[in-house]
Amino acid sequence: MTQEIYQKAIKFAGEKHKNQKVPGTESNYLLHISNVAMEILLAHRVHEDFDLNYAVQLALLHDTLEDTDTELSELEVSFGKKVALGVKALTKNDNLTSKREKMNDSLFRINKLEKEVGIVKLADRITNLQNPPKHWGKDKIENYLNEAILISKRLKNKNEYLNRRLEMKIVEYKNYTEL
Ligand code: NI
C-alpha cells in the first residue's frame, strides 16, 4: 500500500464526515473511520492474503455514501469503479423497511463481491462493538449484538483473524445486554 492512496482516501472522508460525530460521543467521526482502517492494517500484517490498497480505501470510505452527501459517481471518479461498488455494497438500501432486511440485503451484496468488502464489514463491526451509547435501551443493544452474530456467521470465511476478533468482541458485548 502507498501512503498516497491512504492520504487521498482519508482526506476525502475527513471532508465528507466533517460535521459528524461518533454516536453518543463528542469524537469526530474520523475516529471510527481510522479505527476501521487500523483493523485492516493489523489484519494484513497477520496474513497478507488480501489486497491492502483496496481494503484500506474501502475502510476509509465505507460510510461516505450512507452518512454523507457523497454520490456514487463522485467515488467512481476519485477512486475508480471497484472501490465505488464496494462502498455501495457496504451501504444500506433505504428503500427496504426493516433493519433486518437492510442488513440481510447488504450482506448478500457484500458476499457477491471480492473478499476485501467482507473484510471491511468485519472490521467495521469489531470497531462498533464498544460501550454502547448511554441512550440505547436493552432491546437496541440486543439487536445490535444479534446483528453482529449474523455478520460473523455470513462473513467468517473472509478473514480468520478478524472473525476471531469479532467473536471475542461479541462475547464481551454480551455483558452489556445483562446490565
Ligand atoms: Ni462504519
Side-chain angles (χ1 to χ4, degrees), residues 6 9-44 50 52 54-72 74-75 79 83-94 96 99-111 113-133 135-136 140-141 143-156 158-159 161-163 165-170 172-173 176:
Y6 189 101
I10 201 164
K11 185 164 179 273
F12 184 95
E15 282 164 14
K16 290 296 186 180
H17 292 285
K18 67 178 185 286
N19 296 321
Q20 193 179 353
K21 299 244 155 80
V22 176
T25 78
E26 282 305 305
S27 296
N28 183 273
Y29 203 70
L30 268 192
L31 174 69
H32 167 65
I33 300 296
S34 46
N35 273 334
V36 177
M38 176 215 25
E39 292 289 344
I40 297 297
L41 289 164
L42 292 182
H44 195 261
F50 62 89
L52 186 58
Y54 180 37
V56 157
Q57 288 179 90
L58 288 177
L60 294 168
L61 300 166
H62 80 273
D63 279 330
T64 53
L65 290 178
E66 189 158 298
D67 294 341
T68 79
D69 62 2
T70 307
E71 301 282 348
L72 188 68
E74 225 179 323
L75 287 179
F79 302 99
V83 170
L85 290 177
V87 175
K88 191 174 177 207
L90 292 160
T91 304
K92 288 185 204 100
N93 177 354
D94 272 329
L96 300 170
K99 279 199 122 183
R100 200 186 180 82
E101 270 180 289
K102 285 179 190 174
M103 181 54 72
N104 273 317
D105 165 72
S106 176
L107 289 171
F108 179 75
R109 289 182 287 118
I110 287 168
N111 267 322
L113 293 177
E114 305 81 12
K115 69 175 165 186
E116 287 78 3
V117 186
I119 286 173
V120 170
K121 187 70 200 177
L122 289 170
D124 182 40
R125 190 50 64 111
I126 290 166
T127 303
N128 282 336
L129 284 186
Q130 296 188 32
N131 211 339
H135 63 275
W136 281 24
K140 184 150 179 156
I141 295 173
N143 285 340
Y144 206 66
L145 178 70
N146 289 333
E147 256 187 28
I149 292 168
L150 178 69
I151 290 168
S152 169
K153 194 172 142 193
R154 296 276 177 82
L155 303 177
K156 64 170 174 272
K158 305 290 180 188
N159 186 279
Y161 169 78
L162 286 176
N163 188 54
R165 267 186 65 66
L166 180 56
E167 283 174 350
M168 264 163 40
K169 290 279 178 188
I170 287 170
E172 279 172 28
Y173 200 77
Y176 299 116

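Atom set for the values below is all heavy atoms of this structure, side chains included, hydrogens, waters and symmetry mates excluded. Remember, it's 1-based here, ligands and their atoms both numbered in the order they're listed.
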Using the rule given for side-chain contact (heavy atoms from CB on, under 4.5 Å), can you reason through Arg154 versus Met103, listing the C-alpha separation, both sets of side-chain angles and the distance that settles it, and then say yes or no? CA-CA 11 Å; Arg154 296 276 177 82; Met103 181 54 72; over 6 Å; no
Residue pair Leu61, Leu90: steps toward the side-chain contact (heavy atoms from CB on, under 4.5 Å) verdict: CA-CA 10 Å; Leu61 300 166; Leu90 292 160; over 6 Å; no
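The aromatic ring centres of Tyr144 and Trp136 sit less than 6.0 Å apart.
Side-chain atoms of Asp124 and His32 form a donor-acceptor pair, as typed in the model, at a separation below 3.5 Å.
Rounding to the nearest 0.5 Å gives a distance of 13.5 Å between NZ of Lys158 and CD1 of Ile151.
With waters neither drawn nor counted, the protein N/O/S atoms under 2.8 Å from the Ni ion (ligand 1) amount to 4.
In this structure, Phe12 and Phe79 have perpendicular ring planes: the angle between them is above 60°, well past the 30° mark.
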